[in-house]
Enquirer: 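Would you mind keeping the following structure in view while I ask a few things?
Scope of the values below: all heavy atoms of this structure, side chains included, with no hydrogens, waters or symmetry mates. Only a predicted model underlies this, so the values are computations on that prediction, with no experimental measurement involved.
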Amino acid sequence: MGRKSKLTDKAKREILQVISVGGSKSLAAKHAGITLMTLLNCLKRGEQANKGTYRDFYLEFRQAEARPDYFATGDRASCRQRGRRSKRA
């Protein structure tokens, strides 16, 4: 049996939270209590895997990375406007 992963559920949540608001990988790793190298190794494993825990985390990480770009473009406001119902007289 191999060594227990340092990438716990709590660590994953911390990392994804920091990344989703535009924080760096280094800051995310620090918040999660792991080294940057550990985070990079986990992401590499996930990128190379077809399925499993590391793959799932890698995909969630990529989504979290995209969030700050989405909010920075102003698309959030246009999405809110489209979602509102028009007032009828």
Enquirer: Should Ile34 and Tyr58 be regarded as members of a common hydrophobic cluster, given that ILVMFWY residues are connected when their side-chain heavy atoms come within less than 4.5 Å of each other, either directly or indirectly?
Expert: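 Looking at the clustering, Tyr58 is in the same group as Ile34.
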
Enquirer: Just distance, no hydrogens or angles: give the donor-acceptor pairs under 3.5 Å from side chains in residues 38-48, sequence neighbours left out.
Expert:
from	atom 1	to	atom 2	distance (Å)
Thr38	OG1	Thr35	OG1	2.9
Asn41	ND2	Met37	O	3.3
Arg45	NH1	Tyr54	OH	3.4

Enquirer: Are Ile19 and Leu59 joined in one hydrophobic group, where the rule is that I, L, V, M, F, W and Y side chains link up if heavy atoms are under 4.5 Å apart?
Expert: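 Yes.
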
Enquirer: Strictly by salt bridge (Lys or Arg N to Asp or Glu O under 4.0 Å), give each pair with a member in residues 6-20 just once, sequence neighbours left out.
Expert: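 Found Asp9-Lys12.
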
Enquirer: Run Leu7 and Ile15 through side chain to side chain contact (heavy atoms under 4.5 Å, CB included) and show every step you take.
Expert: CA-CA 10 Å; Leu7 193 63; Ile15 291 166; 3.9 Å; yes

Enquirer: Quick one: list whatever passes salt bridge (Lys or Arg N to Asp or Glu O under 4.0 Å) with Arg62, sequence neighbours left out.
Expert: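 Once residues adjacent in sequence are excluded, the partners of Arg62 under the salt bridge (Lys or Arg N to Asp or Glu O under 4.0 Å) criterion are Glu65.
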
Enquirer: Distance-only check: which donor-acceptor pairs under 3.5 Å involve side-chain atoms of residues 22-32, not counting sequence neighbours?
Expert:
from	atom 1	to	atom 2	distance (Å)
Ser24	OG	Leu27	N	3.0

